[in-house]
Number of protein chains: 2
Amino acid sequence: MRTLKYAILGLVNRNPITGYDITKEFNKELANFWYAKHSQIYPELKKLVDEGLINFEVIIAGESLEKKLYTITEKGKESLKKWLLQVEDLDPTPKDKFKLRMYFSEILNKEEIILQFEDQLIKRNKKLQFLNDVMNEYDRTIPDVISPEFGDYMVLEGAILREQSYIEWINRCLNRLK
Amino acid sequence: MRTLKYAILGLVNRNPITGYDITKEFNKELANFWYAKHSQIYPELKKLVDEGLINFEVIIAGESLEKKLYTITEKGKESLKKWLLQVEDLDPTPKDKFKLRMYFSEILNKEEIILQFEDQLIKRNKKLQFLNDVMNEYDRTIPDVISPEFGDYMVLEGAILREQSYIEWINRCLNRLK
DNA sequence: TTATAACATGTCAATATTTACATGTTTGAT
DNA sequence: ATCAAACATGTAAATATTGACATGTTATAA
């Protein structure tokens, strides 16, 4: 499936970028639907170079610090575009540890179950607050439809809707329990 | 983290069950938040027996077909309960291949992007329809709060809310694009 | 000046998951 | 009777992911 391959290819396609900065991207907007550790990214970058999908140029920062700045090749662009146009079946439902725990919660007592949901509610609200804060930075300026910022905006909105819906679910469960 | 361990322990705790039937459970309600292939389940069952968390009894069905019926031990129950009471940080946001593709969609043209969203919309609506059909089997009888069926009901509702919210997101994206 | 956080790139071992291989039984429809 | 689908349990190889190990540089605040 090699999804990480295309996640990286997509980023390198936007702008030449280092492995370190790719890792950072996986902790921003992108983190709302994909992520990877640097220990997975560096080997994948090497692989993509071997496959001729990206190139790199070594840059010296300061006195001696070496950075590798990766650039996409024509072959890489084609490969990315082909992947973007794919029509795939729906992914399996994402795994959810909290739902798994609540699914088996019958062996707990009511108070214990309620505590679990209330804790989850606090954490989800905090996350929603964070996402809303990021969204407010766009304030009145919704990005143009065909632009990299539109991608950021779109998935951020998706993340907010998802959290809201999760919170709605928690509240319904709590109402039933009380 | 061993989440599969607890998913299996939770199922075995409900009722004695075979590996084959555990695999089937992972394709029903449970599939809305956890799943595994039989090639992962059988080795995990062996491990749980080694750890003394479950036992099994060999049953002969028909002439000679051997089934292993697994039962939870006291130690297993304790282990499960401890896990259920855990208060954990939020899981990282689940990965979403479709969102990843749309995030990088700026290199496609508008028509191509719209086609992608429309295809996704059809598939998501189909899935929502399926979930609603399952939900309708409960019709007017919402299960009692502390019962295994309540778990089923709860997570099914969660799955429906999630699909609805995904569809809402797709529609918003399509509105912007058109 | 010096300590610390952030920058920068990698490897290795362990765990988790998927896909393919492998084998045999039982039930139910034609 | 016989065929196919479902029942039933496993292993092995490949891929994906995480967590720990490993090393060195640069910017900045105290």
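Order of the sequence lines sets the chain letters (A, B, ...), proteins ahead of strands, with each chain counted from 1. Because only heavy atoms are used, hydrogens play no part in the values below, and waters and symmetry mates are left out as well, while side chains stay in.
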Whole-Å distance between [N] [atom2] and [X] [atom1]?
X       : N      : atom1 : atom2 : result
A:His38 : C:dC7  : NE2   : C1'   : 12 Å
A:Tyr20 : D:dT26 : OH    : C1'   : 11 Å
B:Gln40 : D:dA13 : CD    : C1'   : 15 Å
A:Glu44 : C:dT9  : CD    : P     : 16 Å
B:Lys67 : C:dT23 : NZ    : C1'   : 18 Å
B:Ile60 : D:dC7  : CD1   : C1'   : 14 Å
A:Lys37 : D:dA20 : NZ    : C1'   : 11 Å
B:Ile41 : D:dG10 : CD1   : C1'   : 13 Å

Mind checking [X] for me? I need base, sugar-phosphate or nothing, with any heavy atom below 4.0 Å counting as a touch.
X       : result
A:Ala61 : sugar-phosphate
B:Lys95 : sugar-phosphate
B:Lys47 : nothing
A:Tyr35 : sugar-phosphate
B:Lys5  : nothing

Closest to side chain of [X], choosing from [options]:
X       : options                : value
A:Lys68 : D:dT9, C:dG10, D:dA16  : C:dG10
B:Trp34 : C:dT19, D:dA20, C:dT17 : C:dT17
A:Leu65 : D:dT9, D:dT26, C:dG24  : D:dT26
A:Ser39 : C:dA16, C:dC12, C:dT26 : C:dC12
A:Lys46 : D:dT9, C:dG10, C:dT17  : C:dG10
A:Tyr42 : C:dA8, C:dT26, D:dC7   : C:dA8

Hey, is the main chain of B:Asn109 close enough, under 3.5 Å, to the side chain of B:Glu112 for a donor-acceptor pair?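 Side chain of B:Glu112 to backbone of B:Asn109, a donor-acceptor pair under 3.5 Å: yes, one is there.
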Along DNA chain D (nearest heavy atom to each residue), the more 5'-positioned of A:Ser64 and A:Thr3: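 Looking at the nearest nucleotide for each, A:Thr3 comes out on the 5' side.
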Return the 5'-most residue of the pair A:Met1, B:Tyr70 with respect to DNA chain D, ranking by each residue's nearest nucleotide.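 Result of the comparison: B:Tyr70.
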Quick one: does A:Thr18 reach the base of C:dT9 with a side-chain donor-acceptor pair under 3.5 Å?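 Check fails, no donor-acceptor contact within cut-off.
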Between B:Glu149 and B:Arg14, does any NZ, NE, NH1 or NH2 come within less than 4.0 Å of an OD or OE carboxylate oxygen?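 No salt bridge links B:Arg14 with B:Glu149.
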NZ/NE/NH1/NH2 to OD/OE distance under 4.0 Å, A:Lys47 and A:Asp50: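 So A:Lys47 does not pair with A:Asp50 through a salt bridge.
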Under 6.0 Å from the ring centre and within 45 degrees of the ring axis: does the NZ or CZ of A:Lys97 meet both conditions for the six-membered ring of B:Trp83?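 Pair A:Lys97/B:Trp83 does not count as cation-pi.
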Does the cation-pi check pass for B:Lys67 over B:Tyr20, that is, NZ or CZ under 6.0 Å from the six-membered ring centre and within 45° of its axis?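 Pair B:Lys67/B:Tyr20 does not count as cation-pi.
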Evaluate ring-ring contact (aromatic ring centres under 6.0 Å, His included) for B:Phe98 paired with B:Phe117, printing each intermediate quantity in order. CA-CA 9 Å; B:Phe98 179 70; B:Phe117 275 107; 5.5 Å; yes
